[in-house]
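Step one of this worksheet: look at the structure below.
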Protein chains: 2
Amino acid sequence: MTSIKDVAREVGMSTATVSRALRGLPRVSEDTRLRVLKAAERLDYVASPAAAGLVSGQTRAVGVVVPFVTRWFYGSVVHGAEELLRERGYDLLLYNLAGDQQARHRVFQTHLLRKRVDAVLILSLTPSAEEIASLNRLDRPVATVGAVVPGFSSVSIDDLATARTAVQHLVDLGHRRIGYIGGDLEGQLDFSAPLDRLRGYREAMAAARLRRNPAWEVTGDFTVRGGLAATRLLLATTPRPTAIFAASDEMAIGAVHAVRETGLRVPEDVSVIGIDDHEMAEFFELSTVAQPVHEQGRVAAQLLLQAIEHGPAFEPAVLTVPTRLVVRRTTAPPRH
Amino acid sequence: MTSIKDVAREVGMSTATVSRALRGLPRVSEDTRLRVLKAAERLDYVASPAAAGLVSGQTRAVGVVVPFVTRWFYGSVVHGAEELLRERGYDLLLYNLAGDQQARHRVFQTHLLRKRVDAVLILSLTPSAEEIASLNRLDRPVATVGAVVPGFSSVSIDDLATARTAVQHLVDLGHRRIGYIGGDLEGQLDFSAPLDRLRGYREAMAAARLRRNPAWEVTGDFTVRGGLAATRLLLATTPRPTAIFAASDEMAIGAVHAVRETGLRVPEDVSVIGIDDHEMAEFFELSTVAQPVHEQGRVAAQLLLQAIEHGPAFEPAVLTVPTRLVVRRTTAPPRH
DNA sequence: ATGAAAGCGCTAACAT
DNA sequence: ATGTTAGCGCTTTCAT
């Protein structure tokens with residue numbers, strides 16, 4: 001592997017000058033810089049971040065912790081983050097927990113502590129006290145997407161307001177019996193969105209003076225399958241709801257399917273609305289409250305890069321991005 | 001940040017001994033090893049891979065190049081690879097090209113060359129000659145999933161045989177007019193799967209002595225939307241096919257939708273079969289030829305780890321994993 | 001079984 | 001504008 005010495009020898013200068021020239025630092029004559037750049041190109045020289053990091057303390061890499069890479073939502077956030085990071089010359093280290101507690105422990109207690117990243121981005125999960133302690137010991141900027149953690153920067157939607165928007169849409173259409181399907185609250189205590197969306201649902205119901213029914217609040221996996229199962233339960237109640245608010249589009253897709261398999265029609269018999277504007281939402285003609293997914297990844301990465309550049313004095317920023325009601329064809333007024 | 005010196009001081013030994021003890025090397029007394037391990041734990045010490053890599057030449061990280069992280073298929077392969085890598089203490093650097101030529105160039109010419117990874121895993125795309133030159137210059141093991149590249153290890157399915165299996169299933173059901181929807185061949189010359197699947201389709205048609213019709217071979221995006229659009233074209237031909245082989249499950253899902261929107265029924269009027277066994281395939285009751293996605297990621301990672309450990313003498317392995325016909329409810333005999 | 005010392009490739013501080 | 005030197009945190013000889 002060619003090293004900085006090879007380049008220095010090639011141009012007949014010291015490694016210090018080469019280093020300065022390559023990084024665009026001042027106090028290098030234009031002529032020298034050009035010759036260095038050319039020589040580096042010719043020799044296929046790329047500086048080793050390991051060596052540079054050892055002395056500068058910067059790794060030019062960011063760690064990203066994801067609950068499930070296979071899900072469109074997380075993939076999209078990662079996409080947004082990776083895009084900006086690469087533009088700025090940073091690498092992205094991916095840690096996929098995939099619901100595995102042991103993996104989670106290992107990531108927080110070992111991998112992230114290896115001084116290998118300049119910053120950490122955490123998607124959706126709320127770190128435990130112990131994990132927060134680890135992250136603080138790391139002494140590097142941390143940001144989250146989809147969860148607000150005291151002391152960390154974050155980018156997220158207002159889950160409460162978003163849920164209210166969805167339910168209010170159903171109320172406005174004239175629905176009075178509205179069911180909710182959402183994520184488990186136990187077992188996954190570390191996701192805050194499901195809880196807030198449930199609370200938003202309840203608030204909107206109360207504000208519209210609608211009666212709540214415990215049997216109309218069903219939880220399960222945040223997946224198509226989970227939505228399918230939850231909706232089957234919901235439809236078995238009497239009277240059954242005329243509309244369903246699903247805490248995610250994937251659950252909503254499952255809900256639409258469940259309604260149809262019961263012999264009922266969407267939206268004539270049962271309306272369905274979700275949250276996300278999943279890539280398949282338009283395909284399913286699903287009404288939903290859209291959130292900017294890719295953008296949240298970019299913005300969060302941006303926040304981290306700023307924090308890296310501004311040093312420890314940088315104040316954590318808590319950003320909320322807007323959501324937007326998208327009415328398609330799974331919601332309509334109830335039949336009387 | 002605590003360094004190896006802190007640990008050495010804590011146990012009253014040299015850093016050399018601490019290093020040996022931590023890495024499980026021989027010639028350390030059991031007693032010493034235990035004390036070192038305890039001290040490291042107590043001080044939250046984790047060795048810096050950057051410093052270690054500088055001298056050992058190993059980074060304990062693998063770079064993974066992905067066309068689109070947001071797609072379930074790639075997310076799943078990454079999941080499989082990440083899982084094994086983490087078990088073995090390796091980090092994963094993710095490079096998402098997202099169809100961006102500039103990104104692609106930058107990844108191959110800069111990021112991968114930074115001496116930051118011990119090996120590279122490339123998903124689905126066939127590197128250009130220039131990219132192969134870069135990878136070779138890197139002088140590290142390279143493996144691919146879903147594409148066979150001379151000189152590199154690979155894990156993939158037999159696309160030709162898999163396509164034939166799908167088409168043969170339709171033939172066995174009695175279909176004679178079978179259409180194909182698959183990926184674009186121009187513009188994305190670097191994906192080999194679409195071409196092989198098309199060839200498999202043609203071979204199976206020929207083997208069954210069925211007439212081919214250029215209008216029954218439609219290409220488009222490898223997505224739900226692409227499948228939808230391609231199928232619309234396919235159904236507009238006369239006579240129209242009674243069965244459709246889609247080169248991916250996402251395209252097949254789009255195909256099913258297109259058939260239904262035309263007022264036709266699946267499978268009564270038109271049968272549809274895909275490839276992958278996508279997570280949503282069961283939900284859609286889609287007949288398909290399943291491939292082990294997550295496993296291909298794990299196996300490819302395994303191959304790379306072996307190559308890293310065995311050094312440059314390691315022979316590239318070209319592995320083919322089996323696929324399996326899964327008959328659900330989108331395929332049936334044609335009506336006469 | 002353990003330690004001393006050199007050095008991996010680079011940057012930063014201090015010359016000049 | 002450029003060069004010299006020290007040293008980042010670790011591993012690896014080579015001694016003992």
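The sequence lines fix the lettering, A, B, ..., with proteins before strands; numbering per chain opens at 1.
- As judged by a 4.0 angstrom heavy-atom cut-off over every strand, A/Arg23 is placed among residues touching the sugar-phosphate backbone only.
- Using a 4.5 Å cut-off on side-chain heavy atoms (C-beta onward), A/Glu10 and A/Arg35 make no contact.
- Taking 4.0 angstrom as the limit, B/Thr32 places none of its side-chain polar atoms (N or O) nearer than this to OP1 or OP2 of C/dA1.
- In terms of modelled atom types and a separation under 3.5 Å, the side chain of B/Asp118 and the main chain of B/Val62 share no donor-acceptor contact.
- Side-chain nitrogen and oxygen atoms of A/Ser3 include at least one within less than 4.0 Å of the OP1 or OP2 phosphate oxygen of C/dC10.
- To the nearest angstrom, P of C/dC8 lies 14 Å from NZ of B/Lys115.
- When side chains are defined from C-beta on, A/Thr126 does not count as touching A/Thr144, because their heavy atoms never get closer than 4.5 Å.
- For A/Arg27 and C/dT16, the shortest distance from a side-chain N or O to OP1 or OP2 is not below 4.0 Å.
- Using a 4.5 Å heavy-atom threshold, the side chains of A/Glu279 and B/Arg71 count as separate.
- Residues satisfying the side-chain hydrogen bond (donor to acceptor under 3.5 Å, both in side chains) criterion with A/Thr70, sequence neighbours excluded, are absent altogether.
- Position along DNA chain D of the nearest nucleotide to A/Ser29 versus A/Thr15 favours A/Ser29 as the more 5'-ward residue.
- Summarising the geometry, the separation between NZ on B/Lys5 and P on C/dG3 is reported as 15 Å, rounded to the nearest angstrom.
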Using a 3.5 Å cut-off and no angle test, enumerate the donor-acceptor pairs between side-chain atoms of residues 45-52 of chain A and protein atoms at least two apart in sequence or in another chain.
from, atom 1, to, atom 2, distance (Å)
A/Ser48, OG, A/Ala50, N, 3.3
A/Ser48, OG, A/Ala51, N, 3.1

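- C/dA1 atom C1' lies 16 Å from atom CG of B/Leu34, rounded to whole Å.
- Look at B/Ser14 and you'll find a side-chain N or O under 4.0 angstrom from OP1 or OP2 of C/dG3.
- Between its opening and closing five pairs, the helix from C/dA1-D/dT16 to C/dT16-D/dA1 changes axis direction by 30°, a value rounded to 10 degrees.
- For the pair B/Val120 and B/Phe152, the minimum side-chain heavy-atom distance is 4.5 Å or more.
- Using a 4.5 Å heavy-atom cutoff, the side chains of B/Gln291 and B/Val321 are not in contact.
- Residues B/Thr59 and B/Lys115 are not in side-chain contact: their nearest non-hydrogen atoms beyond the backbone lie 4.5 Å or more apart.
- Take the nearest nucleotide of DNA chain C for B/Met13 and for A/Leu25: the residue whose nucleotide is more 5' is B/Met13.
- Annotation: proximity of residues 44-54 of chain A to DNA chain D (heavy atom, distance under 4.0 Å) is found for A/Leu54, numbered in ascending order.
- Think of the region where chain A sits on DNA chain D: with heavy atoms and a 4.0 Å cut, that region ends 5' and 3' at D/dA1 to D/dC10.
- Using a 4.0 Å cut-off between charged side-chain N and carboxylate O, A/Arg106 and B/Glu87 make no salt bridge.
- If you find the closest nucleotide of DNA chain C to B/Thr17 and to B/Ser56, the one lying nearer the 5' end belongs to B/Thr17.
- Atom-to-atom, CG of B/Leu22 to P of C/dT2 comes out at 14 Å; the value is rounded to the nearest Å.
- To the nearest angstrom, C1' of C/dT2 lies 14 Å from CD1 of B/Ile4.
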Donor-acceptor contacts under 3.5 Å from residues 73-82 of chain A side chains, at least two apart:
from, atom 1, to, atom 2, distance (Å)
A/Tyr74, OH, A/Ser124, OG, 3.3
A/Ser76, OG, A/Trp72, O, 2.9
A/Ser76, OG, A/Trp72, NE1, 3.3
A/His79, NE2, A/Glu83, OE1, 3.4
A/Glu82, OE1, A/Arg86, NH2, 2.8
A/Glu82, OE2, A/Arg86, NE, 3.2
A/Glu82, OE2, B/Asn96, N, 3.0

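- Side-chain contact between B/Leu113 and B/Arg137 is present, with heavy atoms from C-beta onward closer than 4.5 Å.
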